[in-house]
S.K.: 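Here it is, the structure in full.
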Amino acid sequence: MKRIAVLTSGGDSPGMNAAIRAIVRSASCAEMEVFGVARGYEGLIAGEIAPMDRRGVGGIIQRGGTVLKTARSANFMTEEGFRMAMNMLESFQIEGLIVIGGNGSLRGAAQLIRAGINVIGLPGTIDNDLPFTDFTIGFDTAVNTVLSAISNVRDTSASHERTTIIEVMGAKCGDIAVYAGVTGGAEIILIPEREPDLNEICRVLIGNKNKGKMSSIIIKAEGVDISTAELEKEIRGRTGLDVKMVILSYLQRGGSPTASDRMLASRLGYEAVRLLKDNIANKAVGVVGGEVRSFDLEAALEMDGAKVTDLSFLTDVLSS
Ligand code: F6P
């Protein structure tokens, strides 16, 4: 293939720019033309497609977000919107499309594949909820952002002898909560993969108090089946402890990508171009055991890949 395009879609994630840069520069080395599609599938439908060159992607590797902008496109899910997107790919004579995004975005990519478009999918989401890769682009940065928030919250929480619940993102996946919670020394970690046991949570907190530990941090993933406000109220009511909550929200989606995310994005971006150059498409590219691997994209989305569902190995680490 000689003429390819790249788009970022869904929630932005730190490292998307590093992937775009790697794609544009690898393509340029392979003497392929690259087009950037603005605002994900929305921009594809609207024909917001422009050529990109090596120099144009200078100075973006350290920036969070995505220079191509992003969107969650309801239009693309309609028959009319999908047809318009197909027409645009045809009129710009795009031979291969690289989609960087999360679950929903890669499902959109699968739809394009079924319609005959050559697509490569890269995992770009902070959630780390894609089964074909050990890590998604943006996850490491988000974890480190949460980690720094935990440190700040711990200072004030300890000073006031409070219990603080920190809600983190992750959609239906508990990986951000687990990685940040373990490395941040949280006393309790709540993830959607496990039903929270309110009695057990209160028992641990009271146990801590009886041992003289007056302040605790609870990391709660947003996908857990109880709202953070409700949890705060329940714990306060049942234990009499001073409980506060912090919802980190979009704070954890921005910021300069870590070295690890920049490296991952660069490796995956390079591989996506290599595949298209060799006329190989319809793959999802990820990293497994440190190796860059590609899988049939549709099958990759259905893989059994729950990564962190069992916290039993953490019991010793969490207790004090
Ligand atoms: O997919 C990434 C993510 O940040 C999730 O963790 C979160 O649930 C969601 O996006 C928020 O989406 P939006 O930007 O549409 O509010």
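Keep in mind that what you see is a predicted model, and the values were worked out from it rather than measured. Whatever order the structure lists them in is the order used to number ligands and atoms, beginning at 1.
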S.K.: Not counting sequence neighbours, which residues clear side-chain contact (heavy atoms from CB on, under 4.5 Å) with Arg114? List them please.
M.R.: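 For Arg114, the residues satisfying side-chain contact (heavy atoms from CB on, under 4.5 Å) (neighbours in sequence not counted) are Ala110, Gln111, Glu298.
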
S.K.: For the pair Phe76 and Tyr41, name the ring-plane relationship: parallel under 30°, tilted 30 to 60°, perpendicular over 60°.
M.R.: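 The rings of Phe76 and Tyr41 lie parallel, inter-plane angle below 30°.
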
S.K.: Which residues satisfy the side-chain hydrogen bond (donor to acceptor under 3.5 Å, both in side chains) test with Glu33, sequence neighbours excluded?
M.R.: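 Glu33 satisfies side-chain hydrogen bond (donor to acceptor under 3.5 Å, both in side chains) with Arg3 once adjacent residues are dropped.
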
S.K.: Taking only Lys NZ, Arg NE, NH1 and NH2, and the carboxylate oxygens of Asp or Glu, determine whether Glu187 and Lys213 approach each other closer than 4.0 Å.
M.R.: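 Judged by the 4.0 Å cut-off on N to carboxylate O distance, Glu187 and Lys213 do form a salt bridge.
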
S.K.: Is it true that Glu232 and Arg236 make a salt bridge, defined as a side-chain N closer than 4.0 Å to a carboxylate O?
M.R.: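 Salt bridge: yes.
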
S.K.: Looking at residues at least two apart in the chain, or sitting in another chain, which of them share a side-chain hydrogen bond (donor to acceptor under 3.5 Å, both in side chains) with Thr66?
M.R.: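 Thr8.
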
S.K.: So which residues, sorted by chain and number, lie with a heavy atom under 4.0 Å of ligand 1?
M.R.: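 Contacts of ligand 1 under 4.0 Å: Arg72, Thr125, Asp127, Met169, Gly170, Ala171, Glu222, Tyr250, Arg253.
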
